[in-house]
Amino acid sequence: MNDDMSISFVIEPAWSTVKEAMSKAEAFLGKCGKCGDLISATVMCVSELIENAVKYGDRGPNGDKISFEMTIDEATIRVTVRHGVTNEEDVGRVIETIEELKRGSDPKQLYSKRLRELLNETRPSVSRLGLFRIAYEGEFRLDCSYTNQILAVSAERAI
Amino acid sequence: MVRDGEDHKVTCAAGCATLEGVFFLPSPSAFAELFSEISQDLEGPGDSYRIDVTKGEFMNSSGVAALARLVILAEKQQKQLTIAFDVSILWQRKLAAALENLSEALTIESVAAAVK
(Lines give C-alpha, C1' and ligand atoms only; values in the text may rest on other atoms or scores of the structure.)
Protein backbone atom coordinates (compact mmCIF):
# COMPACT_ATOMS: atom_id res chain seq x y z
CA MET A 1 0.00 0.00 0.00
CA ASN A 2 1.13 3.54 -0.75
CA ASP A 3 2.41 5.32 2.39
CA ASP A 4 0.15 8.27 1.60
CA MET A 5 -2.85 6.08 2.28
CA SER A 6 -2.14 5.35 5.89
CA ILE A 7 -1.69 7.37 9.04
CA SER A 8 -0.59 6.24 12.46
CA PHE A 9 0.31 7.96 15.69
CA VAL A 10 0.62 7.39 19.41
CA ILE A 11 -1.25 9.62 21.84
CA GLU A 12 -1.55 10.23 25.54
CA PRO A 13 -4.74 8.94 27.18
CA ALA A 14 -6.13 12.42 27.80
CA TRP A 15 -9.51 13.86 26.89
CA SER A 16 -7.94 16.65 24.82
CA THR A 17 -6.20 14.15 22.55
CA VAL A 18 -9.51 12.75 21.30
CA LYS A 19 -10.28 15.96 19.43
CA GLU A 20 -6.70 16.13 18.21
CA ALA A 21 -7.04 12.62 16.75
CA MET A 22 -10.37 13.54 15.13
CA SER A 23 -8.75 16.56 13.45
CA LYS A 24 -5.81 14.49 12.19
CA ALA A 25 -8.17 11.82 10.82
CA GLU A 26 -10.33 14.44 9.10
CA ALA A 27 -7.29 16.13 7.52
CA PHE A 28 -5.95 12.76 6.34
CA LEU A 29 -9.28 11.80 4.75
CA GLY A 30 -9.43 15.17 3.00
CA LYS A 31 -5.92 14.62 1.70
CA CYS A 32 -7.06 11.24 0.35
CA GLY A 33 -9.85 12.99 -1.56
CA LYS A 34 -12.69 11.73 0.64
CA CYS A 35 -15.66 13.87 1.53
CA GLY A 36 -19.20 14.04 2.89
CA ASP A 37 -20.72 11.21 4.91
CA LEU A 38 -17.59 9.06 4.69
CA ILE A 39 -15.58 11.71 6.56
CA SER A 40 -18.38 12.24 9.11
CA ALA A 41 -18.72 8.49 9.70
CA THR A 42 -14.99 7.90 10.02
CA VAL A 43 -14.34 10.88 12.30
CA MET A 44 -17.20 9.69 14.54
CA CYS A 45 -15.67 6.19 14.57
CA VAL A 46 -12.24 7.61 15.49
CA SER A 47 -13.79 9.71 18.25
CA GLU A 48 -15.73 6.82 19.78
CA LEU A 49 -12.81 4.34 19.66
CA ILE A 50 -10.30 6.77 21.16
CA GLU A 51 -12.81 7.99 23.72
CA ASN A 52 -13.26 4.37 24.85
CA ALA A 53 -9.49 3.94 25.03
CA VAL A 54 -9.18 7.09 27.19
CA LYS A 55 -12.04 6.04 29.47
CA TYR A 56 -11.29 2.36 29.93
CA GLY A 57 -7.60 2.09 29.11
CA ASP A 58 -4.89 1.72 31.69
CA ARG A 59 -1.31 0.73 31.87
CA GLY A 60 -0.41 -2.16 29.55
CA PRO A 61 3.01 -3.69 28.86
CA ASN A 62 3.90 -0.68 26.69
CA GLY A 63 2.77 1.97 29.14
CA ASP A 64 -0.52 3.78 29.00
CA LYS A 65 -0.26 5.27 25.50
CA ILE A 66 -2.91 4.75 22.84
CA SER A 67 -1.82 3.76 19.35
CA PHE A 68 -3.93 4.71 16.37
CA GLU A 69 -3.77 3.56 12.77
CA MET A 70 -5.96 4.27 9.76
CA THR A 71 -5.50 2.80 6.29
CA ILE A 72 -7.39 3.39 3.08
CA ASP A 73 -7.27 1.41 -0.12
CA GLU A 74 -9.51 1.51 -3.17
CA ALA A 75 -12.31 -0.42 -1.53
CA THR A 76 -12.07 -0.08 2.25
CA ILE A 77 -11.16 2.12 5.13
CA ARG A 78 -9.85 0.58 8.33
CA VAL A 79 -9.31 2.17 11.74
CA THR A 80 -7.45 0.36 14.54
CA VAL A 81 -6.97 1.60 18.10
CA ARG A 82 -4.75 -0.30 20.57
CA HIS A 83 -4.37 0.38 24.26
CA GLY A 84 -3.60 -1.36 27.52
CA VAL A 85 -6.46 -2.68 29.63
CA THR A 86 -6.14 -4.71 32.80
CA ASN A 87 -9.77 -4.73 33.89
CA GLU A 88 -11.09 -7.96 32.41
CA GLU A 89 -14.68 -6.92 33.03
CA ASP A 90 -14.19 -3.95 30.69
CA VAL A 91 -12.51 -6.14 28.08
CA GLY A 92 -15.32 -8.70 28.37
CA ARG A 93 -17.93 -6.01 27.76
CA VAL A 94 -16.18 -4.84 24.60
CA ILE A 95 -15.83 -8.39 23.28
CA GLU A 96 -19.45 -9.17 24.13
CA THR A 97 -20.73 -6.03 22.38
CA ILE A 98 -18.67 -6.67 19.26
CA GLU A 99 -19.82 -10.30 19.15
CA GLU A 100 -23.43 -9.13 19.49
CA LEU A 101 -22.92 -6.75 16.56
CA LYS A 102 -21.29 -9.47 14.46
CA ARG A 103 -24.21 -11.85 15.11
CA GLY A 104 -26.90 -9.25 14.51
CA SER A 105 -28.08 -8.46 11.03
CA ASP A 106 -29.49 -5.03 11.80
CA PRO A 107 -27.17 -2.54 13.57
CA LYS A 108 -29.98 0.02 13.69
CA GLN A 109 -32.12 -2.34 15.74
CA LEU A 110 -29.23 -2.99 18.16
CA TYR A 111 -28.51 0.74 18.45
CA SER A 112 -32.17 1.52 19.17
CA LYS A 113 -32.27 -1.34 21.68
CA ARG A 114 -29.23 0.09 23.49
CA LEU A 115 -30.87 3.54 23.51
CA ARG A 116 -33.99 2.04 25.10
CA GLU A 117 -31.87 0.21 27.71
CA LEU A 118 -30.15 3.49 28.58
CA LEU A 119 -33.48 5.13 29.25
CA ASN A 120 -34.26 2.53 31.88
CA GLU A 121 -30.95 2.98 33.69
CA THR A 122 -31.35 5.23 36.69
CA ARG A 123 -27.79 6.57 36.85
CA PRO A 124 -26.48 8.16 33.66
CA SER A 125 -22.84 7.30 34.40
CA VAL A 126 -21.70 5.79 31.10
CA SER A 127 -23.61 5.33 27.87
CA ARG A 128 -21.81 2.33 26.28
CA LEU A 129 -23.43 3.41 23.06
CA GLY A 130 -20.27 4.11 21.06
CA LEU A 131 -19.66 0.69 19.50
CA PHE A 132 -23.32 0.38 18.49
CA ARG A 133 -23.11 3.84 16.97
CA ILE A 134 -19.98 2.95 14.98
CA ALA A 135 -21.82 -0.04 13.49
CA TYR A 136 -25.12 1.72 12.83
CA GLU A 137 -24.28 5.33 12.07
CA GLY A 138 -20.83 4.69 10.64
CA GLU A 139 -21.66 1.38 8.89
CA PHE A 140 -18.36 -0.10 10.11
CA ARG A 141 -17.80 -3.76 10.88
CA LEU A 142 -16.05 -4.14 14.21
CA ASP A 143 -13.54 -6.69 15.39
CA CYS A 144 -11.21 -6.96 18.35
CA SER A 145 -8.41 -8.95 19.91
CA TYR A 146 -6.96 -9.03 23.41
CA THR A 147 -3.38 -10.20 23.85
CA ASN A 148 -0.89 -9.48 26.64
CA GLN A 149 -3.27 -6.95 28.18
CA ILE A 150 -3.47 -4.98 24.93
CA LEU A 151 -6.93 -4.50 23.49
CA ALA A 152 -7.02 -3.84 19.74
CA VAL A 153 -10.35 -2.73 18.30
CA SER A 154 -10.63 -2.37 14.55
CA ALA A 155 -13.41 -0.96 12.42
CA GLU A 156 -13.67 -1.46 8.68
CA ARG A 157 -16.13 -0.32 6.05
CA ALA A 158 -16.46 -0.23 2.33
CA ILE A 159 -15.83 3.07 0.62
CA MET B 1 -30.54 31.70 28.98
CA VAL B 2 -27.42 30.74 27.09
CA ARG B 3 -24.91 28.11 28.20
CA ASP B 4 -21.72 28.62 26.29
CA GLY B 5 -19.00 26.02 26.06
CA GLU B 6 -15.67 26.05 24.28
CA ASP B 7 -17.30 25.24 20.95
CA HIS B 8 -20.96 24.73 21.68
CA LYS B 9 -23.95 26.72 22.84
CA VAL B 10 -27.29 25.82 24.40
CA THR B 11 -29.92 28.56 24.22
CA CYS B 12 -33.16 28.14 26.14
CA ALA B 13 -36.21 30.33 25.62
CA ALA B 14 -39.89 29.84 26.40
CA GLY B 15 -40.86 26.35 25.26
CA CYS B 16 -37.78 25.75 23.16
CA ALA B 17 -34.04 25.18 23.14
CA THR B 18 -31.41 25.43 20.43
CA LEU B 19 -28.20 23.43 20.37
CA GLU B 20 -25.33 24.75 18.28
CA GLY B 21 -21.78 23.63 17.59
CA VAL B 22 -19.68 20.65 18.62
CA PHE B 23 -20.97 18.72 21.64
CA PHE B 24 -18.11 16.72 23.02
CA LEU B 25 -18.22 16.10 26.76
CA PRO B 26 -16.76 13.18 28.72
CA SER B 27 -19.89 11.60 30.21
CA PRO B 28 -23.69 11.49 30.20
CA SER B 29 -23.64 13.26 33.57
CA ALA B 30 -21.65 16.16 32.06
CA PHE B 31 -24.35 16.41 29.40
CA ALA B 32 -27.08 16.16 32.04
CA GLU B 33 -25.54 19.26 33.63
CA LEU B 34 -25.34 21.05 30.27
CA PHE B 35 -28.97 20.17 29.51
CA SER B 36 -30.18 20.90 33.05
CA GLU B 37 -32.19 23.94 32.04
CA ILE B 38 -33.93 21.97 29.30
CA SER B 39 -34.78 19.31 31.91
CA GLN B 40 -36.16 21.99 34.23
CA ASP B 41 -38.25 23.43 31.42
CA LEU B 42 -39.59 19.97 30.57
CA GLU B 43 -40.61 19.56 34.20
CA GLY B 44 -42.27 22.98 34.23
CA PRO B 45 -45.61 24.17 32.89
CA GLY B 46 -46.68 23.84 29.28
CA ASP B 47 -47.72 20.86 27.23
CA SER B 48 -45.09 20.97 24.51
CA TYR B 49 -41.40 21.69 24.01
CA ARG B 50 -39.13 21.96 20.98
CA ILE B 51 -35.41 21.23 20.75
CA ASP B 52 -33.61 22.36 17.62
CA VAL B 53 -30.37 20.48 17.04
CA THR B 54 -30.03 21.39 13.36
CA LYS B 55 -26.97 23.52 14.09
CA GLY B 56 -25.28 20.71 16.00
CA GLU B 57 -22.18 19.82 14.02
CA PHE B 58 -21.16 16.84 16.13
CA MET B 59 -22.30 15.10 19.29
CA ASN B 60 -20.52 12.21 20.96
CA SER B 61 -22.45 9.20 22.19
CA SER B 62 -22.71 10.52 25.77
CA GLY B 63 -24.61 13.48 24.32
CA VAL B 64 -26.82 11.23 22.22
CA ALA B 65 -27.69 9.27 25.37
CA ALA B 66 -28.46 12.49 27.25
CA LEU B 67 -30.68 13.70 24.41
CA ALA B 68 -32.59 10.40 24.47
CA ARG B 69 -33.11 10.84 28.22
CA LEU B 70 -34.85 14.14 27.54
CA VAL B 71 -37.35 12.23 25.41
CA ILE B 72 -38.21 10.00 28.33
CA LEU B 73 -38.40 12.97 30.69
CA ALA B 74 -40.92 14.59 28.32
CA GLU B 75 -42.90 11.36 28.26
CA LYS B 76 -42.96 11.20 32.08
CA GLN B 77 -44.15 14.81 32.18
CA GLN B 78 -46.80 14.03 29.55
CA LYS B 79 -45.32 16.73 27.39
CA GLN B 80 -45.08 16.56 23.61
CA LEU B 81 -41.45 16.96 22.59
CA THR B 82 -40.41 17.92 19.08
CA ILE B 83 -36.78 17.54 18.04
CA ALA B 84 -35.73 19.21 14.79
CA PHE B 85 -32.94 17.44 12.90
CA ASP B 86 -31.04 18.42 9.78
CA VAL B 87 -31.09 15.27 7.67
CA SER B 88 -28.15 16.45 5.59
CA ILE B 89 -25.91 15.85 8.63
CA LEU B 90 -25.12 12.16 9.04
CA TRP B 91 -25.31 11.88 12.84
CA GLN B 92 -28.60 13.79 12.93
CA ARG B 93 -30.17 11.77 10.11
CA LYS B 94 -29.22 8.45 11.72
CA LEU B 95 -30.26 9.52 15.21
CA ALA B 96 -33.61 10.78 13.94
CA ALA B 97 -34.26 7.37 12.38
CA ALA B 98 -33.23 5.53 15.55
CA LEU B 99 -35.37 7.73 17.82
CA GLU B 100 -38.43 7.50 15.61
CA ASN B 101 -40.30 4.84 17.57
CA LEU B 102 -38.75 5.47 20.96
CA SER B 103 -41.70 7.28 22.47
CA GLU B 104 -45.16 8.52 21.58
CA ALA B 105 -44.19 11.78 23.25
CA LEU B 106 -41.62 12.47 20.52
CA THR B 107 -42.18 14.13 17.18
CA ILE B 108 -39.27 14.20 14.76
CA GLU B 109 -39.04 17.25 12.55
CA SER B 110 -36.74 16.72 9.60
CA VAL B 111 -35.44 20.01 8.30
CA ALA B 112 -34.51 20.33 4.65
CA ALA B 113 -30.81 20.10 3.93
CA ALA B 114 -29.03 23.16 5.17
CA VAL B 115 -26.58 24.98 2.96
CA LYS B 116 -23.22 24.44 4.62
Side-chain angles (χ1 to χ4, degrees), chain A residues 13-23 25-26 35-52 54-56 97 106-140, chain B residues 5-8 21-36 39 56-76 81 83 85-106 108 113-114 116:
Chain A
W15 189 247
S16 58
T17 61
V18 185
K19 273 190 179 174
E20 205 179 296
M22 289 164 73
S23 299
E26 187 171 4
C35 57
D37 282 356
L38 182 66
I39 290 189
S40 301
T42 308
V43 170
M44 177 277 297
C45 172
V46 169
S47 120
E48 297 292 352
L49 289 183
I50 295 186
E51 193 178 319
N52 281 350
V54 170
K55 282 180 178 169
Y56 304 113
T97 302
D106 185 357
K108 180 186 172 188
Q109 192 182 36
L110 293 171
Y111 180 83
S112 296
K113 181 175 152 245
R114 179 64 195 135
L115 272 177
R116 272 192 293 274
E117 286 168 0
L118 275 172
L119 304 179
N120 295 322
E121 288 172 8
T122 47
R123 287 189 320 132
S125 53
V126 287
S127 71
R128 296 203 183 97
L129 190 64
L131 295 175
F132 292 101
R133 188 180 183 194
I134 290 169
Y136 163 58
E137 185 181 312
E139 297 175 15
F140 281 86
Chain B
E6 187 188 336
D7 44 12
H8 58 257
V22 176
F23 289 84
F24 191 75
L25 299 175
S27 64
S29 49
F31 273 100
E33 165 64 23
L34 182 68
F35 295 162
S36 60
S39 299
E57 293 166 41
F58 179 81
M59 184 174 280
N60 64 349
S61 54
S62 294
V64 169
L67 202 56
R69 282 178 190 279
L70 294 175
V71 177
I72 294 307
L73 179 60
E75 188 178 84
K76 281 182 184 159
L81 176 64
I83 305 183
F85 290 101
D86 181 342
V87 292
S88 72
I89 298 173
L90 179 69
W91 77 266
Q92 295 193 28
R93 181 169 72 242
K94 292 277 192 163
L95 180 59
L99 288 176
E100 226 163 23
N101 298 313
L102 197 69
S103 165
E104 287 183 1
L106 177 66
I108 303 282
K116 303 287 170 192

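Lettering of chains follows the sequences in order, A, B, ..., and the numbering in each one begins at 1. Quantities reported herein were computed from a predicted structural model and do not represent experimental measurements.
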Which region of [X], side chain (C-beta onward) or backbone (N, CA, C, O), has a non-hydrogen atom less than 4.5 Å from a non-hydrogen atom of chain A, or is it both or neither?
X	result
B/Ala97	both
B/Leu25	backbone
B/Phe58	side chain

Heavy-atom distance under 4.5 Å to chain B: side chain of [X], backbone, both or neither?
X	result
A/Glu137	both
A/Ser40	both
A/Tyr111	side chain
A/Glu117	neither

Distance from B/Ile89 atom CD1 to B/Met59 atom CE, nearest 0.5 Å? 11.0 Å

Distance (rounded to the nearest 0.5 Å) between A/Phe140 CZ and A/Leu131 CG: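 Going from the CZ atom of A/Phe140 to the CG atom of A/Leu131 covers 13.0 Å.
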
Checking side-chain hydrogen bond (donor to acceptor under 3.5 Å, both in side chains) between B/Ser61 and each of A/Arg114, A/Glu51, A/Glu48, which is the one that passes? A/Glu48

CA sep, side-chain torsions, deciding dist, call: A/Val18, B/Asn60, side-chain contact (heavy atoms from CB on, under 4.5 Å): CA-CA 11 Å; A/Val18 185; B/Asn60 64 349; over 6 Å; no

Would B/Arg69 and B/Leu73 count as a side-chain contact (heavy atoms from CB on, under 4.5 Å) if you check the C-alpha gap in whole Å, the side-chain angles of each, and the deciding distance to 0.1 Å? CA-CA 6 Å; B/Arg69 282 178 190 279; B/Leu73 179 60; over 6 Å; no

Does a side-chain N-to-carboxylate-O contact under 4.0 Å join A/Asp106 and A/Lys113?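 A/Lys113 and A/Asp106: not salt-bridged.
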
